[in-house]
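Notes follow once the structure below has been shown.
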Protein chains: 2
Amino acid sequence: MATTIRDVAKKSGYSITTVSRALNGYDDVSEETREKILQVAKELNYYPNRIAQNLVTKRFNTLGMFILERMTFQQPFIFEVVSGVVDEATKEDFDLLLFGTQSLRSGMKPHQMCTQRGVGGAIIMGLRLHDPIIQVMEESGFPTVLIDIPIKGKRATFVASDNQLGSLQAINHLVNLGHRHIGFINGHLEAWVSLERLKGYKKGIEEHSLPWKSEYIFQGDFSKESGKKGARILMTQNPELTAIFVASDLMATGVIEELTLMGYKIPDDISVIGFDDLDFASHIKPTLSTIRQDKYQLGIEAARKIIAMIKNENYLPEQHFLKTTLISRESTGPVRIE
Amino acid sequence: MATTIRDVAKKSGYSITTVSRALNGYDDVSEETREKILQVAKELNYYPNRIAQNLVTKRFNTLGMFILERMTFQQPFIFEVVSGVVDEATKEDFDLLLFGTQSLRSGMKPHQMCTQRGVGGAIIMGLRLHDPIIQVMEESGFPTVLIDIPIKGKRATFVASDNQLGSLQAINHLVNLGHRHIGFINGHLEAWVSLERLKGYKKGIEEHSLPWKSEYIFQGDFSKESGKKGARILMTQNPELTAIFVASDLMATGVIEELTLMGYKIPDDISVIGFDDLDFASHIKPTLSTIRQDKYQLGIEAARKIIAMIKNENYLPEQHFLKTTLISRESTGPVRIE
DNA sequence: CTGTTAGCGCTTTCAA
DNA sequence: TTGAAAGCGCTAACAG
């Protein structure tokens, strides 16, 4: 059995109350008393029981993080976000309760699971665009931060990269290399980021007044396979393309494989640029040019927001997007002279 | 405020006690009463407060997972283990509290952090061989499962892949392809798995009576850079090598890059086989032959063991290792005819 | 400055 | 079969 406040009280000769106040830094305790109590606490190796504290104070010091749809998602991405959340939480003396794909199986909603566990706010990732949970959380009034999915409740907000910016950076990069016929392989449209990346792509095309057909866009699903398929279809239908912007690194690996199979040299014949900057982007050959998302920072921001909301009843953090960065590697190069 | 057992009692007309027993499935409650209470509970959307439950019952339904040394480790590996732990925990109705690299910063030990939070057992990963925490946990008597590090307390055990088997599989594979001069690039020796992989390598060499020099072994540190360095040194000093077994996929990417730089064709001139089978192993070119660890299962096993220990005061799961699997891809091939 | 009392939401004797 | 009372470990009025 762990030592309780009672033990400290007994041994120090003070009441439980006084011990509590001394330990919690109240100033209505004489310095002498505090010192003695601190001393005893140290001797006894006493640490307050957080769940008892939580029960009585109703002050929350636990975050809940829900990771839905782990499989279809890109794992390294998730892990970096989680790392950011954990680190920021630890810094703020918050614990992190992790809920997996199967946690909602019972039909319980995230805020119910949280309330039941003394968790003050929820970070949710891996949601699809029209998941009913979004509305549930909007209306629940429970502090919620979504990752990569918009939400607009009184106590709900979201964090995401500036995906439009990312697309623009990709297009600009390609245009700077002389490309004018640029294809786009997108992820599935159940992901909000896909919508944004598409907008960015179109914006880029317009801004540079590039030649344009709707056949330049292939609708993938974030899988490597869909990258391969997209590459083949795009190049077969539009042999004039000299560059392809791919909405995820994983799909981009598929694209590169397929193009290579089709006899194209990368980047000599065709430039390929991805999105995310996952770890392997720098390990594959050719190394992959891509748009980096700061995933760790995404986690940090999510944690900051949820913690701010928990600490302040009436605070709803304003929305802002994280900047993406162009990472230029080997898979993109100057357009071939025709 | 969430609905409490009190609300259910009031609305149903029964006492708190009876409600508690009805909900917890005690059989000294008439069926009629139970039905009514269940009904009211449903109407009120009542779910018991787990932290209050925990406080009074001292029955633990939370696992603590500590991830130390995140950076030097391989993130996708960790994430899969965590996924396994989460899924198994959820299945058993356990919650998972995640502690990051900085959580022990305060000087608190894992079991103290856990006790303080009503956490019944700890899974720890990312520990180095001689970390004092190992002994602390051995002696603490707190249910503990380490990942990839041996421990032998009364309430402490560990899970790991059979790394010796993995090495043997790698060597056998190479020998089957006709290789006899096989180099080895290991991880740093602060990792127990490195010791094991080394043993397996030596065993393999012996079993097949292969020609052998201590110069065939390079001591890396799991980083890609060390893979590159190792490849260069190994091939410079031992040009007779036709294959290299590398103790991690990440290092293997470095090896392949460096060998390619040096003008070797893979696998025509030299075969390379990694360890882990991380995601990118199948995305790089050439695709990487490797020894797969079932990381997800590692997580499942860790969770099972810790849960079994929590549920049973006197149970210490016996130790066993998870089988590894040879994954043969493009980076290994028959030895070149000389 | 310190202690008494009450109570967070729940389970568990013990009586009725 | 049900309920009253005590208590898990802690904090928070409220007196003194």
Side-chain angles (χ1 to χ4, degrees), chain A residues 1-38 40-41 44-62 93 95 112-120, chain B residues 1-38 40-41 44-62 93 95 112-120:
Chain A
M1 205 53 243
T3 55
T4 74
I5 196 172
R6 217 196 182 80
D7 303 321
V8 179
K10 209 162 282 174
K11 176 144 188 203
S12 67
Y14 290 94
S15 73
I16 289 182
T17 313
T18 304
V19 172
S20 170
R21 274 180 312 217
L23 261 27
N24 288 315
Y26 283 63
D27 53 4
D28 57 353
V29 177
S30 80
E31 261 321 304
E32 198 194 330
T33 308
R34 185 194 309 283
E35 300 243 311
K36 277 191 204 158
I37 291 178
L38 249 39
V40 174
L44 261 37
N45 219 306
Y46 169 75
Y47 294 103
N49 179 322
R50 303 215 356 170
I51 78 166
Q53 277 183 163
N54 177 310
L55 189 61
V56 53
T57 59
K58 299 290 168 202
R59 235 177 271 125
F60 302 104
N61 48 10
T62 306
D93 197 29
D95 291 338
Q112 295 174 148
M113 310 232 3
C114 287
T115 308
Q116 196 182 177
R117 289 163 170 81
V119 169
Chain B
M1 209 48 244
T3 56
T4 75
I5 196 172
R6 217 196 182 81
D7 303 321
V8 179
K10 209 162 283 174
K11 177 143 185 204
S12 67
Y14 289 94
S15 73
I16 289 182
T17 312
T18 303
V19 172
S20 171
R21 276 182 309 217
L23 262 26
N24 287 316
Y26 282 62
D27 52 6
D28 58 351
V29 177
S30 80
E31 262 319 305
E32 197 194 330
T33 309
R34 184 195 309 284
E35 300 244 310
K36 276 190 206 160
I37 291 177
L38 248 42
V40 173
L44 259 38
N45 219 306
Y46 169 75
Y47 293 102
N49 180 321
R50 296 199 25 152
I51 78 167
Q53 277 180 325
N54 177 310
L55 188 61
V56 54
T57 59
K58 300 290 169 202
R59 235 176 272 127
F60 302 104
N61 49 9
T62 307
D93 198 30
D95 291 338
Q112 294 174 148
M113 310 232 2
C114 286
T115 307
Q116 195 182 179
R117 290 163 170 80
V119 169

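Values below: all heavy atoms of this structure, side chains included; hydrogens, waters and symmetry mates excluded. Reminder, nothing fancy here: chain letters follow the sequence lines and each chain counts from 1.
Following rounding to the nearest Å, A/N61 (CG) and D/dT11 (P) show an atom-to-atom distance of 11 Å. D/dC10 atom P lies 13 Å from atom CG of B/N54, rounded to whole Å. Note: CD (B/E32) to C1' (D/dT2) measures 13 Å, nearest angstrom. Distance, A/K10 NZ to D/dG9 P: 11 Å, rounded to whole Å. Remark: P of D/dT11 and CG of A/D28 are 14 Å apart, rounded to the nearest angstrom. Look at CG on A/L55: it is 18 Å from P on C/dA6, rounded to the nearest Å. Computed from coordinates, the B/I51 CD1 to D/dT11 P distance equals 13 Å when rounded to whole Å. For the pair B/L44 CG and C/dG9 C1', the computed distance is 15 Å after rounding to whole Å.
The shortest distance between side-chain heavy atoms of B/V8 and B/T3 does not fall below 4.5 Å.
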Worked check of salt bridge (charged side-chain N to carboxylate O under 4.0 Å, His left out) between A/D95 and A/R117:
CA-CA 12 Å; A/D95 291 338; A/R117 289 163 170 81; over 6 Å; no
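In terms of phosphate contacts, B/S15 brings no side-chain nitrogen or oxygen within less than 4.0 Å of OP1 or OP2 of D/dT2. Between A/T33 and the phosphate of C/dT2, there is a side-chain N or O to OP1/OP2 separation shorter than 4.0 Å. Taking 4.0 angstrom as the limit, A/K58 places a side-chain polar atom (N or O) nearer than this to OP1 or OP2 of C/dG9.
Listed here is the closest heavy atom pair of A/T4 and A/Y46: C-CE1, 3.4 Å. Nearest heavy-atom pair across B/L55 and A/A52 is CD1-CB, 3.9 Å. Closest of all the heavy-atom pairs between A/F60 and A/V119 is CD2-C, 4.0 Å.
Judged by distance alone, the side chain of A/N24 and the main-chain N or O of A/S20 form a donor-acceptor pair under 3.5 Å. Using a distance-only test at 3.5 Å, with no hydrogens or angles considered, a donor-acceptor pair links the side chain of A/R34 to the main chain of A/Y26.
Applying the salt bridge (Lys or Arg N to Asp or Glu O under 4.0 Å) test to B/D28 and every residue at least two apart in sequence or in another chain returns nothing.
When the local axes at the two ends of the helix from C/dC1-D/dG16 to C/dA16-D/dT1 are compared, using 5 base pairs at each end, they differ in direction by 40° after rounding to 10°.
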A correct 5'-to-3' footprint of nucleotides 11-16 of chain C, with B, S and - meaning base, sugar-phosphate only and no protein heavy atom under 4.0 Å, is BB----
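Checking each of B/V29, B/T33, B/I16 against B/R21 for a side chain to side chain contact (heavy atoms under 4.5 Å, CB included) leaves exactly one that passes, namely B/V29.
Ranking D/dC10, D/dG3, C/dC10 by closeness to the A/N49 side chain, first place goes to D/dC10.
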